[in-house]
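In listed order, ligands and their atoms are each counted from 1.
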Amino acid sequence: MIYCVEDERNIRELLVYTLTSTGFSAKGLENGEQLFRELTRELPELILLDIMLPGEDGYTILEKLKQMPSARDIPVIMVTAKSAEFDKVKGLDGGADDYITKPFGMMEFISRVKAVLRRRAPQTEDRDLVQGSLRVCVDRHEVTENGRKVELTLKEFELLRYLMENKGIVLTRDQLLTRIWGYDFDGETRTVDVHIRTLRQKLGDAGSFIETVRGVGYRMGDEE
Ligand code: CA
């Protein structure tokens with residue numbers, strides 16, 4: 001999903017049309033207020049942001065986006081009307097990913113969009129979870145400890161992955177049971193303990209990263 005924030009209806013519709021006819025899904029938004037409302041519903045892969053907008057201008061919106069933990073990694077392409085604006089945006093610390101000066105050709109526009117998404121792609125694909133000597137490669141379903149490959153069962157892998165994704169947070173046995181074994185699993189919380197025990201053994205030195213929180217559950221320690 002790509003959000004196009006642009007108050008001029010013709011341009012907004014043209015942007016959305018061009019993107020959708022190229023195979024992207026896109027949504028046109030008229031101002032910052034609409035954008036921030038949409039962000040609470042769905043985070044887009046990219047935001048196209050006009051500068052001259054009613055209400056908050058594009059500079060202010062960009063700064064706000066970069067302060068939002070949920071939105072700060074979303075790439076932003078600023079759409080500027082004149083080169084004076086372009087210079088101002090360039091000088092911002094806020095860090096837009098690219099700038100397009102109006103008027104622009106649609107072919108150029110699409111290739112800029114693709115370039116920004118391509119640049120961002122490795123970060124979202126490379127989903128390795130790392131804790132000290134321990135590395136979980138989510139895409140390849142592979143775990144290494146100090147470079148040594150650790151063979152885990154599917155449940156052990158899912159358990160470790162979930163703990164790593166929630167580093168520093170205590171997860172109860174019930175939470176783990178529901179998450180890894182499913183709602184209709186008819187087992188006992190002891191199942192979790194058994195799996196944690198074998199997981200720790202297999203992980204060797206890194207096994208100590210999994211902490212037992214007495215009476216509650218388990219936590220992946222956030223210190224190395
Ligand atoms: Ca405008």
Using the test salt bridge (Lys or Arg N to Asp or Glu O under 4.0 Å), find all partners of R112 that sit at least two apart in sequence or belong to another chain.
D98, E108
For V194, which fellow cluster members are found when Ile, Leu, Val, Met, Phe, Trp and Tyr are connected by side-chain heavy-atom distances below 4.5 angstrom, either directly or through intermediates?
none
Quick one: name the residues clustered hydrophobically with V213, using the 4.5 Å side-chain heavy-atom rule over I, L, V, M, F, W, Y, and just say none if it's on its own.
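Listed partners: V170, V216.
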Would you say CZ of R9 has more than 12 non-hydrogen atoms from neighbouring residues, nucleotides or ligands within 6.0 angstrom?
no
Would the distance check show the side chain of E8 and the main-chain N or O of N10 forming a donor-acceptor pair, the cut-off being under 3.5 Å?
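No.
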Hey, what's the ring geometry for H195 with W181, parallel, tilted or perpendicular (30° and 60° as the breaks)?
perpendicular
Listing protein N, O or S under 3.0 Å around the Ca ion (ligand 1) gives D7 OD1, D50 OD2, M52 O
